[in-house]
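This report concerns only the one structure given below.
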There are 2 protein chains.
Amino acid sequence: MPTPTAKSEATRELLVSTALRLFREIGYEKTTMRAIATAANVSTGSAYYYFASKDDLVHELYRSLQEEHRSRALPLLREGQNLGELLKVVLNTGIDVMGPYHDFGSNFISIAIRPSATTSPFGSESAVARARAISLFRQAVGLSRPQPPLAIRDDLPELLWYAYMAVTLFWVYDSSPHQERTRRLIDRAAPLISRLVILSRLPVVRKIVEDIVQLIHGTRQ
Amino acid sequence: MPTPTAKSEATRELLVSTALRLFREIGYEKTTMRAIATAANVSTGSAYYYFASKDDLVHELYRSLQEEHRSRALPLLREGQNLGELLKVVLNTGIDVMGPYHDFGSNFISIAIRPSATTSPFGSESAVARARAISLFRQAVGLSRPQPPLAIRDDLPELLWYAYMAVTLFWVYDSSPHQERTRRLIDRAAPLISRLVILSRLPVVRKIVEDIVQLIHGTRQ
DNA sequence: ACCCGGATTTGAACGCGTTCAACACGGTGC
DNA sequence: GCACCGTGTTGAACGCGTTCAAATCCGGGT
């Protein structure tokens, strides 16, 4: 039999699933807190008992998307591919997953950027989520052959995640049909990034790459 | 005597200056449209007659900051300096100018990112403003000695502007006193960027740089 | 059975950005 | 002088996110 905690958890989950469904079906703006609450058969006050803000519910969407991204991308990564191919897979599956929410438009980034209350983008609260996202790129890097130079192997996943954020920004503003320009960008940029990584083996290049990595470390805290 | 157009223009300017003052003095959230209108001795409806949204008034702030940035940076740029020094100047004056608005926090970027109605960040409406911002970097590039390689000279200003956007993002989330971490980032990153540019003279590097430039051109439209 | 206290729920109310129908102003043509 | 009309101006009203005091639920101690 369900303990009180379990019932509460059920309400919470119902709110999340209702919110995500409405986000998908009618978009961000039309999905009001009142609409979510009504569709979940609770009062608006109750919705706020479980989630401090509408943004928090959007962050639930992000979490969900991220998990789906991971579960779609991982099976497609095969050891021995070069980094460019693996990158294409990860970036393209990412765009696949976000597809239904393209008309969130700039809200998609706006909200992600906002450190509203608990959940921020680069802050400590979402550090967990970010680490999990980066770990997907770590997988890709780990499976790639040839392996990237040691000097950057550890930091490459994070850098690739930043590249992914940039691609997402591009995608948000991509008004071409089915966002095909973003697809082209990915297919062309991925091999370039792969070549850049290889290039970092050259002594002269390596020197500066090491300095860049050091700058990142120095800036991290 | 003022023509009707002139009087209208005066009201508009009064609203802008009032809004910018309030933004500076009491921050983004407390500066409500009602507060702006009241302080300017007009009704809220009138404020909306001149500006379609509160975001539009924030975009006025951006425009103003950008002009001040330009007029502070340009006199400090001297021909013959290397790119790293010039970059430091442009980035640091940029941060100087934005300083008073640091507690806008993520709104600073959120709103810039939003393509709300007329004014967007990467859209055609703000293309003018963006071009003007990029031209500041074009000045810096033009004055730098040695001159950057021809292969990237034309596109470098735009790339540097993207770097500036990244620095701004970092600044927004920089909670160190006086955002000194951002200063350190600038002082260390600027020379690195300069070295990267020089590096692009190497034949192997040049090849990939040309491909990157081509990707940018191909993606532009 | 009863009551207590925390967990949960409610719906009214607040402040905000925004909209809009109605109105005031002021110059133009007669 | 007057009617006209486009340019401003107004304040009430709407819908939204959010808050909160009060009500309700419910398991455990007596």
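Every chain is numbered from 1, with letters handed out A, B, ... down the list of sequences.
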- [ ] Determine whether B/Tyr101 and B/Leu65 make a side-chain contact, defined as any pair of heavy atoms from C-beta on separated by less than 4.5 Å.
- [x] yes
Open item on the list: Can you classify the ring geometry of A/His69 versus A/Tyr164 as parallel (below 30°), tilted (30 to 60°) or perpendicular (above 60°)?
Closed with: tilted
Open item on the list: Please pick, from C/dT9, C/dG17, D/dG17, the nucleotide with the shortest atom-to-atom distance to any side-chain atom of A/Lys54.
Closed with: D/dG17
Task: Nucleotide C/dA24, atom C1' - distance to OH of B/Tyr49 in whole Å - done: 13 Å
TODO: Choose from D/dT10, D/dG17, C/dT10 the nucleotide whose nearest atom is closest to any side-chain atom of A/Ser43.
DONE: C/dT10
Open item on the list: Let's see if you can work this out: which of C/dA7, D/dC16, D/dT19 has an atom nearest to the side-chain heavy atoms of A/Tyr48?
Closed with: D/dT19
Open item on the list: With nearest nucleotide decided by heavy atoms, which residue, A/Lys30 or A/Gly45, maps closer to the 5′ end of DNA chain D?
Closed with: A/Lys30
Task: Contact list for residues 131-140 of chain A, test side-chain hydrogen bond (donor to acceptor under 3.5 Å, both in side chains), sequence neighbours left out - done: A/Glu67-A/Arg132, A/Arg70-A/Ser135
- [ ] For residues A/Phe108 and A/Trp171, determine if any side-chain heavy atom of one lies less than 4.5 Å from a side-chain heavy atom of the other.
- [x] yes
TODO: Please report, rounded to the nearest Å, how far the C1' atom of D/dC16 is from the CD1 atom of A/Ile36.
DONE: 12 Å
TODO: Rounded to the nearest angstrom, tell me the gap between atom CZ in B/Arg12 and atom P in D/dT7.
DONE: 16 Å
Open item on the list: Can you measure B/Phe51 atom CZ to C/dT19 atom P for me and round it to whole angstrom units?
Closed with: 15 Å
- [ ] Write down the distance between OH (B/Tyr28) and C1' (C/dG17), rounded to a whole number of angstrom.
- [x] 9 Å
Write out a two-atom table: protein N or O, nucleotide N or O from nucleotides 23-25 of chain D, distance below 3.5 Å.
none

- [ ] Nearest whole angstrom, please: distance from the P of C/dC16 to the CG of B/Leu57.
- [x] 16 Å
Task: Contacts of B/Asp155 that satisfy salt bridge (charged side-chain N to carboxylate O under 4.0 Å, His left out) - sequence neighbours left out - done: B/Arg220
Open item on the list: If the cut-off is 4.0 Å, is B/Ser8 near the phosphate of D/dT7, judged by side-chain N/O to OP1 or OP2?
Closed with: no
TODO: Remember a base hit wins even if backbone is also touched, and classify A/Tyr50 as base, sugar-phosphate or nothing at under 4.0 Å, heavy atoms.
DONE: sugar-phosphate
Open item on the list: Here's a test of your reading of the structure: between B/Ser46 and B/Glu29, which maps to the more 5' nucleotide of DNA chain C?
Closed with: B/Glu29
TODO: Go through the N and O atoms of the side chain of B/Arg34 and the base of C/dG17, and report whether any donor-acceptor pair is under 3.5 Å.
DONE: yes
TODO: Please determine, for the side chain of B/Thr32, which listed nucleotide (C/dA7, C/dG11, C/dG17) has the closest atom?
DONE: C/dG17
TODO: Could you check if a side-chain atom of A/Tyr50 sits within less than 4.5 angstrom of a side-chain atom of A/Ser8, using non-hydrogen atoms only?
DONE: yes
TODO: Round to the nearest Å and state the distance from B/Leu15 atom CG to C/dG17 atom P.
DONE: 14 Å
Open item on the list: I'd like to check B/Val90 versus B/Leu77 (side-chain heavy atoms, cut-off strictly below 4.5 Å). Are they in contact?
Closed with: yes
TODO: Compare the minimum distances between each of C/dT10, D/dG17, D/dT10 and the side chain of A/Met33, then state the nucleotide with the smallest one.
DONE: D/dG17
